[in-house]
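Since the structure comes first, as structure tokens, the remarks are kept for the end.
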Amino acid sequence: MTFISTSKRFSDFLNDISQKWQKAWEEEKIFEASPDYSRKKFYTTVAFPYPNSPFHLGHGRTYVTCDIYARFMRMRGYNVLFPMGFHYTGTPIIAMADDVAKGDKELIDIFKNIYEIPDDVISKLVDPLFMANYFKEEIKKAMKEIGLSIDWRREFTTIDPEFSSFIVWQFGKLQEKGFIVRDTHPVGWCPVHHIPVGMHDTKGDMEPEIGEFTLIYFESDLGILPAATLRPETVFGAIAIWVNPDANYVITEMDGKKFVMSEKAAFKLSFQIDNLKTLNTLKGSELAKHYAINPITGNKIPILGAGFVDPMTGTGVVMSVPAHAPFDYYYLKKVKQDLPVISVISVEGQGEALAKEMVDKTNPKGDEDLEKLTEQVYRMEYNKGKMKSNIIELTKPAYRDEFKTLVGLSVPEARQKITEFLIDKKLGRKIFEIMNRPVYCRCGNEVVVKILKDQWFLDYGNPEWKSLAKKLISKMNFIPPEARKDFEFVADWLQKRACARTRGLGTPLPWDKKWVIESLSDSTIYMAYYTIAHLIKKYGLKPSQLSSELWDYVMLGKGDPSAVSKSSGIPQEVIEEMRKEFIYWYPLDIRHSGKDLIPNHLSFFIFNHAAIFPEELWPKAIAVNGFVLLEGKKMSKSLRNIIPLRKAIRMYGADVVRITLTSTADMGSDVNFSDSYAKSVTDALRNFYELSEKITEYKGDQEGFPEIWIKNKLNQMVIEVTRYMENLDLRNSLNELLYNLSSYINEYVEMVKAEGREPNGRILKELLEVWTKIISPFAPHFAEEMWHKLGHTTFVSLEKWPEVPESSVNLYEDLVHEYHKKVLEDIQSILNVYKGTPKVIRIFVSTPEELTLLKNALEITSRGGSMKEFIEKNRPREKVDVKLYQKIFEEARGLDDNMRKLIITYDFNEEEALKQGLNYLRYKLGGKEIEVKSAKEMDKTKYKKDALPLKPAIFIE
Ligand SMILES: Nc1ncnc2c1ncn2[C@@H]1O[C@H](COP(=O)(O)OP(=O)(O)OP(=O)(O)O)[C@@H](O)[C@H]1O
């Protein structure tokens with residue numbers, strides 16, 4: 001095909017060849033992987049998707065990263081398995097179908113105008129199953145169009161009854177080990193749909209973090225004001241109560257007592273506190289007419305209104321402690337209340353009342369500054385604060401004895417004691433709160449904490465289970481390596497997790513079938529299922545045949561296959577084939593995902609593998625990449641800020657999208673999809689394609705200095721890219737492949753032109769062949785096309801990755817060429833300031849003896865030796881030499897790496913090298929006359945400049 005060079009046409013061309021090669025791969029089944037004992041295996045997976053929307057660019061990055069690595073390993077000779085399934089379980093699909101049913105305008109608009117879903121399909125999306133099936137097909141198309149090298153024979157969905165039998169087996173195992181418990185526990189909760197809410201049920205995938213507030217009961221004539229605080233130890237200095245004057249408050253009844261709190265807080269707390277009855281409603285401003293009593297000091301204190309009080313946090317009632325809370329001091333000062341600032345905590349090296357001082361000193365501009373100050377004050381007092389002795393006089397006489405032991409205690413110790421005291425004396429209690437609130441359920445409602453009674457939990461807090469998981473983490477590899485500490489942190493922090501819901505698609509809990517196992521619990525060891533999913537289909541096995549005994553044998557090698565065969569009716573050979581195939585692929589070699597899955601899917605994957613499988617079958621590595629962002633936020637279905645992947649493929653071509661998504665940033669960093677980068681990738685690919693067309697015209701057949709140079713450059717590139725690829729450093733690999741190599745090719749063409757000859761077409765073809773192989777994991781369709789254009793009939797996707805032993809790299813020509821470029825630069829900088837028309841450029845090269853001196857100076861400087869030592873050792877003959885020696889020593893100090901390598905490693909003759917590069921210099925300088933001589937021939941009376949080794953004296957006449 002002759003290619004016409006406009007950007008638009010090239011994208012069309014890329015799309016055409018993509019379809020052609022996808023069809024060919026599918027027809028030839030080249031990605032179907034079966035056990036092959038003659039090769040090493042490599043098993044990789046990426047998080048299976050929720051088909052509740054089509055794929056967007058964010059998915060593109062994560063799935064293509066996995067594919068690039070799969071393709072790389074395949075070319076390195078591994079038998080690679082890359083399978084795919086679809087996650088139908090739980091709320092993401094139901095919530096999306098509900099939104100369509102509710103006529104959510106924004107969502108329908110996105111489906112219609114951004115994803116271009118036809119109207120007649122949209123109306124059917126109200127049915128969750130229809131939605132899941134429809135988007136599954138849509139996502140599959142996107143996966144094929146972006147060129148993922150998947151073995152589709154193993155595809156399944158998590159509501160297939162065959163898969164359910166596997167989950168039933170898994171849950172049986174967990175229960176046997178005591179890792180599933182029935183308990184009462186606080187969980188994130190959707191107050192409208194009445195279901196527990198984990199990260200995947202929320203907008204923007206935020207895990208609800210549950211923490212505790214202490215309530216301190218301040219009596220008032222309207223009822224108890226339960227001030228919510230994280231710092232009960234400051235109660236001695238509480239001199240007022242804050243409420244939000246514009247919010248609604250309610251008087252409620254709890255255990256026969258009246259409590260006043262915000263209406264929103266009362267609703268929220270009704271999920272934690274039984275029998276919370278609302279009696280009256282009033283505005284916050286009305287409360288501000290009353291007084292409260294500090295339960296510890298017994299003082300009568302005012303109730304004040306402040307807009308910063310969030311009625312949804314805690315109880316909407318806050319105690320005011322100006323000495324230790326920047327907000328309190330700042331706002332108290334504003335309303336000019338003549339109230340005392342009572343400090344009860346001292347911090348060594350700081351003044352009397354930390355919050356007051358920080359506010360006075362920094363003069364905050366608003367709430368954002370105050371928040372930062374609050375964090376600082378809290379942190380300093382928590383780490384270094386001690387309770388002051390004045391708390392005794394501040395306390396009412398009845399409690400004084402109790403608090404004597406508090407004086408001098410650290411803040412954490414005092415906090416614990418005062419909380420126990422408050423609870424014991426019924427002057428307070430604890431409540432749970434979402435600490436990273438607001439977190440929104442996918443249905444749009446704010447998540448609250450519910451104390452879930454008598455529920456099924458996966459007990460990730462079980463010490464035995466935790467230590468197994470930590471052991472697995474310690475044996476695992478992580479890319480990037482920094483991710484290890486994130487996994488360690490999550491493993492420490494994970495506790496009980498509700499594992500069943502009353503809503504959503506999925507597998508019923510085997511022993512309590514009104515519950516459905518939720519989405520983060522049935523997606524932990526599904527990688528094991530892929531290994532035999534195709535055999536279940538091939539042999540037409542029925543779900544009823546897939547008993548726990550069968551799974552015990554296939555997954556754990558437990559039991560007797562002939563007995564399993566008898567009880568299940570599955571032929572024994574089939575059972576043994578399943579076991580063999582599982583053992584062939586397991587353990588999983590690497591699992592890819594975006595970093596959002598670290599605290600959930602990926603950590604649960606670790607825990608469940610550690611619980612169920614023996615150590616030799618534990619997964620070996622996890623790779624997590626950063627996000628694709630849109631307008632500064634993770635591109636996400638639930639945030640609705642998406643660009644469809646298939647649309648981008650149509651615009652730019654699959655390979656350009658693959659490269660743009662995966663190779664603009666380091667693995668761990670987030671990226672924005674950049675149109676200008678996509679265009680530059682398009683141009684770079686086009687340049688290589690054009691080169692493949694041109695090489696037939698290059699008739700040169702010499703193998704001189706330029707050929708040796710370019711071959712060496714290529715070899716170095718292969719070594720470097722291989723190293724980068726092994727560490728999934730896609731950005732640096734791509735930089736080498738797309739940009740550096742093309743500048744080397746341009747340089748090579750210049751070098752041969754300088755010699756007045758044509759490039760060597762055969763060498764360039766060999767170079768393009770190697771390049772085509774290495775670019776193929778990134779741009780597989782383009783690479784196949786190039787490979788065939790270069791005269792091959794095989795699939796480049798199955799070719800062997802080029803191997804270059806480090807020992808075969810000879811840097812000499814490379815370094816000499818660097819030397820030529822350095823001299824060229826020096827000449828050009830002189831020409832830039834030269835007035836007049838230059839006739840001849842005279843170059844005087846320093847002597848081999850002086851080069852030896854430079855070598856010696858380098859040796860001395862590299863071990864920190866002095867100039868004195870250098871001069872004494874080499875004893876200059878005359879005074880004039882001393883100056884030269886000094887210059888050489890200075891030069892050694894500043895010499896760049898390339899020149900160092902050149903003179904230390906090789907027997908380098910500067911004059912010869914320069915003469916050899918004369919053609920190149922002349923060509924680069926537009927054909928100017930150049931004369932090269934030894935510095936010995938320099939007439940010192942005429943030319944008043946020293947030639948230094950590697951820095952010849954240059955004169956323009
Ligand atoms: N913006 C993104 N950037 C990189 N990877 C992403 C992005 N969005 C999703 N992924 C990855 O895609 C995989 C499948 O995710 P999933 O099906 O949950 O989609 P999602 O877009 O995160 O869902 P939602 O938007 O509904 O939270 C996960 O590995 C996830 O990390």
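Both ligands and their constituent atoms are indexed starting at 1 by order of listing.
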Worksheet item: Heavy-atom contacts under 4.0 Å between Leu629 and ligand 1: side chain, backbone, both, or neither?
Response: neither

Worksheet item: Which is closest to atom 14 (C) of ligand 1 in terms of heavy atoms, Tyr63, Phe86, Phe48, Phe55?
Response: Tyr63

Worksheet item: For ligand 1, which atoms have a heavy atom of Pro49 less than 4.0 angstrom away?
Response: 17 (O)

Worksheet item: Is Lys634 in contact with ligand 1, taking contact as a heavy-atom separation below 4.0 Å?
Response: yes

Practice prompt. Would you check whether His592 reaches within less than 4.0 Å of ligand 1, judged by its heavy atoms?
Written response: no

Discussion item. Could you tell me if Thr158 and Thr89 have a donor-acceptor pair between their side chains, going purely by distance under 3.5 Å?
Written reply: yes

Worksheet entry | Distance-only donor-acceptor check, side chains Thr157 and Asp160, under 3.5 Å | yes

Item to complete: Identify, by atom number and element, the atoms of ligand 1 in contact range of Gly594, meaning under 4.0 Å from any of its heavy atoms.
Response: 29 (O), 31 (O)

Item to complete: Mark the output for Arg442 as yes if a heavy-atom distance to ligand 1 is under 4.0 Å, and as no if none is.
Response: yes

Fill in: Atoms of ligand 1 close to Asp596 [distance to a heavy atom under 4.0 angstrom, numbered from 1]
22 (O), 30 (C), 31 (O)

Worksheet item: Does a donor on one side chain sit under 3.5 Å from an acceptor on the other, for His534 and Asp151?
Response: no

Worksheet item: Do the side-chain N and O atoms of Lys595 and Asn625 include a donor-acceptor pair separated by under 3.5 angstrom?
Response: no

Worksheet item: Does some side-chain heavy atom of Thr202 sit less than 4.5 Å from a side-chain heavy atom of Arg442?
Response: no

Practice prompt. Considering the heavy atoms of Ser636, write down every atom of ligand 1 situated less than 4.0 Å from one of them.
Written response: 24 (P), 25 (O), 27 (O)

Worksheet entry | Numbered atoms of ligand 1 (with element) below 4.0 Å of Gly626, judged on heavy atoms | 4 (C)

Practice prompt. Going by the ring pair (Phe, Tyr, Trp, His ring centres under 6.0 Å) test, name the single residue among Tyr88, Phe86, Tyr526, Phe82 that passes it with Phe48.
Written response: Tyr526

Worksheet item: Do we get Lys41 above Trp585's six-membered ring, with its NZ or CZ under 6.0 Å from the centre and within 45° of the axis?
Response: no

